[in-house]
There are 2 protein chains.
Amino acid sequence: MSTERPRLTRDRVLAAAIALADSSGIDALSMRSLAADQGVVPMALYKHVAGKQELLDGMVDAVLTGLPPLPGGSEWRPRLRERILATRATLLAHPWAPSVIETRTHASPIVLTYMDELMGIFRTGGFSAELTHLAMHALGIRMWGFTREVFPTPATPADPEQRAAMLAQFQTQFPHIVEIATATAGHPGSETAGCDAQVEFEFSLDALLDGLALRLAEQKASAANSARGRQRSASPR
Amino acid sequence: MSTERPRLTRDRVLAAAIALADSSGIDALSMRSLAADQGVVPMALYKHVAGKQELLDGMVDAVLTGLPPLPGGSEWRPRLRERILATRATLLAHPWAPSVIETRTHASPIVLTYMDELMGIFRTGGFSAELTHLAMHALGIRMWGFTREVFPTPATPADPEQRAAMLAQFQTQFPHIVEIATATAGHPGSETAGCDAQVEFEFSLDALLDGLALRLAEQKASAANSARGRQRSASPR
DNA sequence: ACCTGAACACCGTTCAAGT
DNA sequence: ACCTGAACACCGTTCAAGT
């Protein structure tokens, strides 16, 4: 008697889940709320996704499908940088993505492809398989273009008198936190006072890439040494 | 009529929660299961912790209380390294700690103290307030001595025939993943094939510290330059 | 001061049935 | 092939009461 509801498909379910998580937060996304959103009984979803975990897997895959093509070339550093920053830009539209990615226990083919491509960038750039392995671990979740926030704010009491007392105590109890908070409080256009997430991310990524570059240089030096050694001990000519 | 149950206290509740999470996993820890474990009705816990989130906050605090004293000295790099590796050693006994720490939204005084001390190590070592701020972001969750696992294994089908087919397809579809998995598969004494988490953590931390050391050197160089500039333009003598 | 009991408003998922 | 209904075994948390 009401208007025709379009038939559910896997893609429609995933798109609806992403839209719901984008607008209402990941905590508001349940099989039941998603079903209600689609005007359907909870169990109807199970014909299209195996369960909640598989729904979350599918949401990650759907978002990653929107990534730009892998940058070409053989210079590992600009390629890696561009790739990771593009991933960051893509995931930034979906605040739930970091926590969902972190809680995945199985990698989908799309996720495996993403990681395989990153490893390919290292290998093409001259990293050995072993060094690539370590470098991937060093990237960690940063490979997805985000880092977990390490500055959870302390719970601030609502009562203004208590708040003032807390701030005063803060000054003496956590002098460095206060110093750093005030030293960087002037950044324009930043959401959380004193924090420009893009600047901080690029700083962190570049610092790590510097460290990896040093290790690549070491690897090349030791390879050259052992090659010289082999040449010396081999038959002349 | 049964044996006397010792009165609940906040410390006893936290210790029981930690023991339960250690032995049965964080998913098995609910207000209800913890209450049952203590032979008490769920609501009895609320006299000692305000709710589940506050329980988790308290668990983190209780574990951090077991940290060794902050290393002294003025050399930032060995101090930071020692501090973070000690934290890692402490948290390693509690597999639930990383995910719980990551989901905290408010920092307790104990957590704030930990971060303030790390910042103090940077500042004493010559980092400016701004550079310390960025360095803390670069450390990210690594400051807690862990990194999130970035290699979730693909779901392997139970059927052996399907598994063999998957492995064959893997070889061509994800060549770098296979190469890296086989190149590092021989590590002795590693739990997950080819992965030595301690080696990987220290590699990652040291690579990052190298990057931070470079930036500290840049900061000092530019400070020296502007000091020379100031001296030149100042009155002689 | 500390603990209990019953209830509320949720979850994900199963099973057996409908069309 | 796709969707429904009812049920199961859970959650965290409230409120009002007990001792």
Side-chain angles (χ1 to χ4, degrees), chain A residues 1-21 23-60 96 99-100 102-106 108 155 158, chain B residues 1-21 23-60 96 99-100 102-106 108 155 158:
Chain A
M1 66 167 64
S2 71
T3 61
E4 283 278 299
R5 184 178 45 68
R7 276 257 258 63
L8 285 182
T9 64
R10 188 166 207 276
D11 283 350
R12 229 187 292 273
V13 167
L14 293 179
I18 289 171
L20 190 57
S23 62
S24 311
I26 192 69
D27 286 341
L29 176 71
S30 68
M31 296 301 276
R32 294 175 115 105
S33 67
L34 179 59
D37 179 78
Q38 291 295 290
V40 110
V41 97
M43 278 315 295
L45 300 174
Y46 285 78
K47 274 276 119 95
H48 303 97
V49 289
K52 175 127 193 215
Q53 293 308 313
E54 219 249 341
L55 173 74
L56 295 172
D57 289 344
M59 289 168 70
V60 172
W96 48 269
S99 67
V100 172
E102 278 187 315
T103 54
R104 295 309 82 210
T105 56
H106 292 308
S108 70
Chain B
M1 52 153 88
S2 71
T3 60
E4 283 278 300
R5 184 178 45 69
R7 272 253 268 60
L8 285 182
T9 63
R10 186 166 208 275
D11 284 351
R12 229 188 292 273
V13 168
L14 293 179
I18 289 170
L20 190 58
S23 62
S24 311
I26 192 69
D27 286 342
L29 175 72
S30 67
M31 295 302 275
R32 295 174 115 105
S33 66
L34 179 59
D37 180 78
Q38 292 295 291
V40 107
V41 97
M43 278 316 295
L45 301 174
Y46 285 78
K47 274 276 120 90
H48 304 96
V49 288
K52 176 129 194 214
Q53 293 309 313
E54 218 251 341
L55 174 74
L56 295 172
D57 290 343
M59 290 168 69
V60 172
W96 48 268
S99 67
V100 172
E102 277 187 316
T103 54
R104 295 310 81 209
T105 55
H106 292 308
S108 70

Enquirer: Kindly indicate, with the supporting measurements, whether the criterion side-chain contact (heavy atoms from CB on, under 4.5 Å) is fulfilled by B:Gln38 and B:Leu8.
Expert: CA-CA 9 Å; B:Gln38 292 295 291; B:Leu8 285 182; 3.8 Å; yes
Enquirer: Distance from B:Thr103 atom OG1 to A:Glu102 atom CD, nearest 0.5 Å?
Expert: 10.0 Å
Enquirer: Without decimals, in angstroms, what is the distance between B:Asp27 CG and C:dG12 P?
Expert: 14 Å
Enquirer: Rounded to whole Å, please give me the gap between CE in B:Met31 and C1' in C:dC8.
Expert: 17 Å
Enquirer: Using OP1 and OP2 only, check whether a side-chain N or O of A:Ser30 sits under 4.0 Å from C:dC10.
Expert: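 No, because none of the side-chain N or O atoms of A:Ser30 sits under 4.0 Å from OP1 or OP2 of C:dC10.
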Enquirer: Within the structure provided, determine whether B:Leu56 and B:Ile26 are in side-chain contact (heavy-atom separation under 4.5 Å).
Expert: yes
Enquirer: List the atom of A:Asp37, the atom of A:Ala16, and the distance in Å for their closest heavy-atom pair.
Expert: OD2-CB, 4.3 Å
Enquirer: Look at the side chain of A:Ser99 and the backbone N and O of A:Trp96, then say whether any donor-acceptor pair between them is shorter than 3.5 Å.
Expert: yes
Enquirer: With sequence neighbours excluded, give me every side chain to side chain donor-acceptor pair (under 3.5 Å) pair touching residues 40-53 of chain A.
Expert: A:Gln53-A:Arg104
Enquirer: Atom CG of A:Leu29 and atom P of C:dC10: how far apart are they, to the nearest Å?
Expert: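 Whole-Å distance recorded here is 15 Å.
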Enquirer: Tell me: CG of B:Leu34 to P of D:dC10, nearest whole Å?
Expert: 16 Å
Enquirer: Wobble G-U and Watson-Crick pairs count when both distances are under 3.5 Å; given that, what is the 5' to 3' dot-bracket string of DNA chain C, with | for pairing to other strands?
Expert: ||.|||||...|||||.||
Enquirer: Give me, pair by pair, the N or O atoms of the protein and of nucleotides 1-5 of chain D that are less than 3.5 Å apart, along with how far apart they are.
Expert:
from: D:dT4; atom 1: OP2; to: A:Val41; atom 2: N; distance (Å): 3.1

Enquirer: Expressed as a whole number of angstroms, how long is the span from A:Arg32:CZ to C:dC10:P?
Expert: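 Distance check: A:Arg32 CZ to C:dC10 P gives 10 Å.
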Enquirer: Using modelled atom types only, decide if a donor and an acceptor are shared between the side chain of A:Arg12 and the backbone of A:Arg7 within a distance under 3.5 Å.
Expert: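 Confirmed, A:Arg12 side chain pairs with A:Arg7 backbone.
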Enquirer: So, taking the atom named CZ in B:Arg10 and the one named CG in B:Leu55, what distance separates them when rounded to the nearest 0.5 Å?
Expert: 8.5 Å
Enquirer: Roughly how many Å is it from NZ in B:Lys52 to C1' in C:dC11, rounded to a whole number?
Expert: 13 Å
Enquirer: Determine whether a donor-acceptor pair (N or O, by modelled atom type, separation under 3.5 Å) exists between the side chain of A:Ser33 and the backbone of A:Ser30.
Expert: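 Yes, A:Ser33 side chain to A:Ser30 backbone: donor-acceptor pair under 3.5 Å.
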Enquirer: Mind checking the C1' distance from C:dC2 to D:dA16? Whole angstroms is fine.
Expert: 15 Å
